[in-house]
Amino acid sequence: MEKTVNFIIEKIEDFHPEIGIILGSGLGEFADDFESTSISYNEIPGFETSKIQGHKGRLVFAKINGKKVVMMQGRYHFYEGYSMQTVVYPVKVMKRLGVKTLIITNAAGAITKEYAPGTLMFITDHINFMGTNPLIGQNDESLGTRFPDMSKVYSKELIQKAFNIAEKLNINYKKGIYIATTGPSYETPAEIKMFSIMGANAVGMSTVPEAITANYCGIKVIGISCLTNYAAGVTDNPLNHQEVIDTANKVKENFKNLLTELIKEI
Ligand code: HPA
C-alpha cells in the first residue's frame with residue numbers, strides 16, 4: 001500500500017483528491033472531458049492489469065467544478081477472475097489519498113416494472129448476493145474495524161442532492177435497492193422473481209464490494225445505477241450486453257451532467 005500511494009503521490013504531486021468516482025459501463029468517457037493527469041493501472045505497483053474491453057483501466061485526476069477528483073476509468077470485476085482484494089484495492093488507495101466521498105456508478109437491470117430502462121436509480125441500500133465479502137481476511141485496523149456497521153452505507157444527504165439535481169435537469173430518476181450477483185451470466189427469471197420478493201429494485205455485478213469497503217474505511221458513498229434493461233423475466237425479451245451498452249450510451253449525457261452538478265455540491 002505504501003508503495004502504491006507513494007508512486008501515485010509522486011505523479012500527482014500536491015494534488016489531494018477529495019472525491020472519488022468509479023465510472024461504470026458507458027460512462028468511462030466522462031473522465032476524458034477534463035484536463036487531467038492519468039495513470040494506467042498497469043503502471044501502478046499493487047494494481048492488477050485490467051483486461052476488460054472498452055474500458056481504459058486508469059486513474060484520472062482532474063479538477064471538476066473546483067473540486068479535486070480521482071476517477072477510476074474502468075473497474076475490476078469479480079467475474080473477470082480477480083480476487084475481492086483486487087476489486088476493492090483502489091478504494092483503499094483512495095482512502096489513503098484523502099478521498100472523503102465516493103460516487104459509485106454502474107449499469108444495472110431493472111427488476112421493478114415501473115423502473116424503465118434509461119432511468120437513473122439512486123441506491124438507498126444494497127443486498128450482497130455475491131456469496132463473499134471484500135473484507136474477509138486479516139483486518140487492517142488503520143483502515144477500519146473488524147465488524148463494520150452497515151446500517152447507513154448510502155448517504156441520505158447526497159441522495160437528496162442528487163434528487164434535486166435530477167429534478168432541475170429533467171432527468172428520469174428513482175431510488176431503490178441494488179442487489180449484486182457475481183455474474184457473468186445474467187440471472188434467470190426465477191432468480192429475478194426471488195430478488196423482487198427480497199425487495200431489490202435493480203440487479204448488477206459490481207458496486208457492492210466497493211461500497212462495503214468505502215463504508216468500512218469511513219468514506220461517504222453515493223451509488224447511482226443506470227438502468228439499461230429490464231432484468232430477466234420482467235419482459236419476454238432475452239438479455240444481451242449490446243442492449244446494456246446502447247442504453248448506457250443514450251443516458252450518458254444526462255448522467256454526465258448530473259455528475260458534474262453533484263460534484264459541485266459535495
Ligand atoms: N443483470 C445483471 N447485471 C446487469 C444487468 C442485468 O440485467 N444489466 C446491466 N448489468
Side-chain angles (χ1 to χ4, degrees), residues 21-30 50-55 72-82 84 87-88 103-132 134 154 171-212 222-252 254-256 258-259:
I21 309 179
I22 303 176
L23 297 169
S25 299
L27 204 62
E29 69 175 52
F30 177 77
S50 169
K51 291 171 290 199
I52 195 157
Q53 282 178 353
H55 283 162
M72 289 183 70
Q73 205 172 31
R75 57 149 63 84
Y76 298 101
H77 292 96
F78 191 58
Y79 63 71
E80 293 174 277
Y82 298 113
M84 272 293 169
V87 171
V88 301
I103 305 172
I104 312 180
T105 69
N106 62 51
I111 296 173
T112 307
K113 261 230 168 77
E114 292 70 34
Y115 289 29
T119 302
L120 294 182
M121 187 186 90
F122 305 122
I123 301 175
T124 53
D125 204 351
H126 74 227
I127 298 172
N128 178 11
F129 206 77
M130 295 180 108
T132 182
Y154 300 91
I171 293 171
N172 289 333
Y173 67 94
K174 297 275 190 207
K175 61 178 178 176
I177 295 173
Y178 175 95
I179 187 164
T181 70
T182 64
S185 54
Y186 289 118
E187 303 72 34
T188 63
E191 287 164 349
I192 293 300
K193 190 173 172 196
M194 172 179 69
F195 293 167
S196 168
I197 293 166
M198 290 162 87
N201 303 106
V203 58
M205 305 172 190
S206 67
T207 300
V208 162
E210 295 105 314
I212 291 172
I222 177 163
I224 311 173
S225 293
C226 172
L227 304 180
T228 52
N229 58 284
Y230 277 121
V234 178
T235 67
D236 250 355
N237 301 343
L239 271 64
N240 69 79
H241 186 57
Q242 196 54 46
E243 183 189 1
V244 172
I245 301 292
D246 290 347
T247 313
N249 273 328
K250 275 187 212 147
V251 181
K252 192 167 60 185
N254 275 345
F255 211 154
K256 282 158 83 171
L258 182 125
L259 271 185

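Counting convention: from 1, in listed order, for ligands and their atoms alike. FYI, side chains are in, hydrogens and waters are out, and symmetry mates aren't considered; it's all heavy atoms of this structure.
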Pairs in or reaching into residues 195-212: which pass salt bridge (Lys or Arg N to Asp or Glu O under 4.0 Å), with residues at least two apart or in two chains? Arg75-Glu210
Contact set, ligand 1, heavy-atom distance under 4.0 Å, ordered by chain/number, equals Ala107, Ala108, Gly109, Tyr186, Glu187, Val203, Gly204, Met205, Thr228, Asn229, Leu239, Val244
Check side chain to side chain donor-acceptor pair (under 3.5 Å) between Thr105 and all other residues, then give those that pass, not counting sequence neighbours. none
Any side-chain heavy atom of Ile224 within less than 4.5 Å of one from Tyr173? no
Contacts of Thr247 that satisfy side chain to side chain donor-acceptor pair (under 3.5 Å) - sequence neighbours left out: none
Measuring from atom CG of Asn201 to atom OH of Tyr178, what distance do you get when rounded to the nearest 0.5 angstrom? 13.0 Å
Does Glu29 pair with Lys252 as a salt bridge, N-O distance under 4.0 Å? yes
